[in-house]
Amino acid sequence: MPAMAPLRRRTSVALPMALLVMACVMMPPAFTAPVVPDVGPETLRTLRLLRPLIGGAVLTSALLGASSQMGKVQDNVVGINVKKLSTVFCNLFAVWLALSAIAALKQPATFTWVKSQYFTTLLGLLMFSVGITTTIADFKECLKRPGAIAINFISCYVITPLLAYVLAKAIGADGPILAGLVLVGSINGGQASNLCTLIAGGDVALSVLMTTSTTLGCIFMTPLICHLVLGAVVPVDAAGIVWSTFQVVLFPIFLGVGLNTLAPKLCKAVSPFTPVVGVISTVLLVGASVAKCAEPIQSAGLPLQLACAALHLVGGLLGFSATKASGFDEKTCRTVAIETAMKSSAFGFLLASLHFGAFNVRVPSAVSVVWMAIVGSVLAVYWKSRPVNIEKADAKGVA
C-alpha cells in the first residue's frame, strides 16, 4: 500500500490540473486578463499572451491544496452508491432537457445568465468529459472504417437537406420558413452528439471523427447547398470555423485522451460520472439557446414543430438504415444515427441571423434547438437500455 501512495497523489492532481489547462485556454479573456498599468504595446502584448498562465498559477495553488484532500475522501465516495445515481440522472437526460426548454420558454431569465461567451467553455467541458473515456487505440480503430465516416457525411449533407426540403413543402411553408428548414438540414453535426453517443453505448471515437468531418465540411457544403437549393449564397467564416473546431472539439478531446493515457486508472474510476458533467453542460447550453430566442419559438405553429421533430428523428433513422444496409455493426449504426439526428442548430440560428434578411429564416433553427436535443437524448437513453452485444458486433464489424 505505501507504494501506491505516490501514484494516488499524482492521479489526484492530474484531473484538476487537466481541467485547469482547458479552462485557461477557453475562458473568456475577462476571466484571465491581468490588470496592468499603462505600458508599451510590446509589453502589453506579452502580458496578454501570458494571461492564461497568470490565471492558471493562481488557480493551481488552490487546486493543489484541495487535491491533497481528495485522497482522503476517495474511499468514502466509493462506498456510496453514486454510480447508480449517476446512471439514473443520465437516463433522465431527455427529461432535464425538456424541463430546461420549458423553463427557458416560460421564464427566459432562468437561463439568460449563461452568457454567449460561456458557450465555448461549456462545449469544451462537454467534449473533455467525453475525451477521458476514449483512447488513442479507439481512434486508430476508427480510421480503419472510412466508409462509416463517409456514410455520415452523406447523411448530413445529402439526406437531411433533401428531407428538410420535403418536410417544408409538406407543411406548405412560405419562403423564409422553407429556407430556414433547409438551412437546418444543411449544417454540421452538433457537439452534443458525442455525449449522446457515449450514453447510448455507441462508438465515441468514431462520433468525434464524424463531428469533426462534418464541422469542417460545412465550410463549403453549407454555402453550396444553400446556393443550389435556395438560390442564396451564405458566406461562412472558414478560418473561424476551423479555430472553433480546434477550441471546442479537438483540444478538449485530445486533452482528455492524453489524461486517459497518463492516468488510465483515474479515468476509469471517474468514467461512470463523466456523462453527468456532459448532461449538465448540455442542459445549460440548450436552456441558454432557447432563452435567447424564446419569442420566435412560441410564435411557431404546430406544423413547424412537427416538421423540426421529424427532421431530426426521421433523419437519424435514415442514417441508421443507410449504415445498416451497408453492413456495419449495431454500434456503428447507432453512432451514425445520433450524428445525423443531432444537427448544430445553434450554428444554423447564427447563420440565419447574420446572412438572411428575413427574420423568419431563423425561426426553424430556434425550434430545432429543442427538438435536436430531445430526439438525441431519447435515442441515447433508449439504446442505453439495450446494450450492444460486443462479441456479436465485433463479428459483424466491417473494415
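Worth saying up front: this structure is predicted, and the values here are computed from it rather than measured.
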Sub-3.5 Å donor-acceptor pair from the side chain of D174 to the main-chain atoms of I177, do we have one? yes
Any heavy-atom pair between the side chains of V290 and F111 that's under 4.5 Å? no
dist T110:OG1 -> I102:CD1 (nearest 0.5 Å) comes out at 12.0 Å
Within the distance-only criterion (no hydrogens, no angle test), does the side chain of T222 pair as donor or acceptor with the backbone N or O of S186 below 3.5 angstrom? yes
What is the distance from atom CG of L379 to atom CD1 of I374, rounded to the nearest 0.5 Å? 12.0 Å
Can you find a pair of side-chain heavy atoms, one from L181 and one from C308, that are under 4.5 Å apart? yes
Minimum-distance pair of heavy atoms, taken over all atoms of T323 and G319: OG1-O, 2.7 Å
CG of L317 to NE2 of H312: how many Å apart, nearest 0.5 Å? 13.0 Å
What is the distance from atom CG of L259 to atom CG of L266, rounded to the nearest 0.5 Å? 6.0 Å
When M210 is tested against each of L206, T214, V208 for side chain to side chain contact (heavy atoms under 4.5 Å, CB included), which residue passes? L206
Would a single hydrophobic cluster contain both V381 and V283, if residues Ile, Leu, Val, Met, Phe, Trp and Tyr are joined by side-chain heavy-atom contacts under 4.5 Å? yes
For the residue pair S213 and I149, what are the closest heavy atoms and their distance? OG-CG2, 3.9 Å
Please report the C-alpha distance between C226 and V182 in whole Å, then the side-chain angles of each, then the deciding distance to 0.1 Å, and finally whether the side chain to side chain contact (heavy atoms under 4.5 Å, CB included) criterion is met. CA-CA 8 Å; C226 289; V182 172; 5.6 Å; no
Hey, are the side chains of N188 and T211 touching, using non-hydrogen atoms and a 4.5 Å cut-off? no
Residue pair W383 / I338, side-chain heavy-atom distance below 4.5 Å: yes
Counting N and O atoms only, with roles assigned by atom type, does the side chain of W96 sit under 3.5 Å from a partner on the main chain of F89, one being a donor and the other an acceptor? yes
Identify the two heavy atoms, one from A288 and one from V114, that lie closest to each other, and give their separation to 0.1 Å. CB-CB, 3.8 Å
Can you tell me how far apart CG (L284) and CH2 (W113) are? Round to the nearest 0.5 Å. 5.0 Å
Counting neighbours of OH on Y165 that are heavy atoms of other residues, nucleotides or ligands and sit closer than 6.0 Å, is the number greater than 12? no
Kindly give the heavy-atom pair with the smallest separation between G185 and L311, and that separation in Å. N-CD2, 4.3 Å
Donor on one side chain, acceptor on other, T160 and K343, under 3.5 Å: yes
Any chance CD1 of I136 has more than 12 other-residue heavy atoms, nucleotides or ligands included, within less than 6.0 Å? no
Does the side chain to side chain contact (heavy atoms under 4.5 Å, CB included) test come out yes or no for E330 and R386, once each step is laid out? CA-CA 11 Å; E330 177 71 16; R386 290 161 176 77; over 6 Å; no
Count I, L, V, M, F, W, Y as connected when their side-chain heavy atoms are under 4.5 Å apart, and connections chain through other members. Are V314 and L302 then in the same cluster? no
Do L183 and P364 have side-chain heavy atoms sitting under 4.5 Å apart? no
For residues I171 and V166: do they belong to one hydrophobic cluster (side chain heavy atoms under 4.5 Å, members Ile, Leu, Val, Met, Phe, Trp, Tyr)? no
Find out whether F328 and V336 are in side-chain contact, i.e. whether some heavy atom of one side chain is under 4.5 Å from a heavy atom of the other. no
P161 and V229, any side-chain heavy atoms less than 4.5 Å apart: no
Can you list the steps and then say if V363 with V367 is a side chain to side chain contact (heavy atoms under 4.5 Å, CB included)? CA-CA 6 Å; V363 174; V367 175; 4.3 Å; yes
T335 side, atom OG1; F320 side, atom CZ - distance, nearest 0.5 Å: 10.0 Å
Which heavy-atom pair separates L163 from A310 by the least distance, and what is that distance? CD2-O, 4.2 Å
Of all the heavy-atom pairs spanning G316 and A341, show the shortest one and how long it is. CA-CB, 3.8 Å
Taking a hydrophobic cluster as the set of Ile, Leu, Val, Met, Phe, Trp and Tyr residues connected by side-chain heavy atoms closer than 4.5 Å, whether directly or through intermediates, do L99 and V279 fall within one such cluster? yes
Distance-only, no hydrogens or angles: does the S207 side chain make a donor-acceptor pair with backbone N or O of D203 under 3.5 Å? no
Shared ILVMFWY cluster between F220 and I154, side chains joined below 4.5 angstrom? no
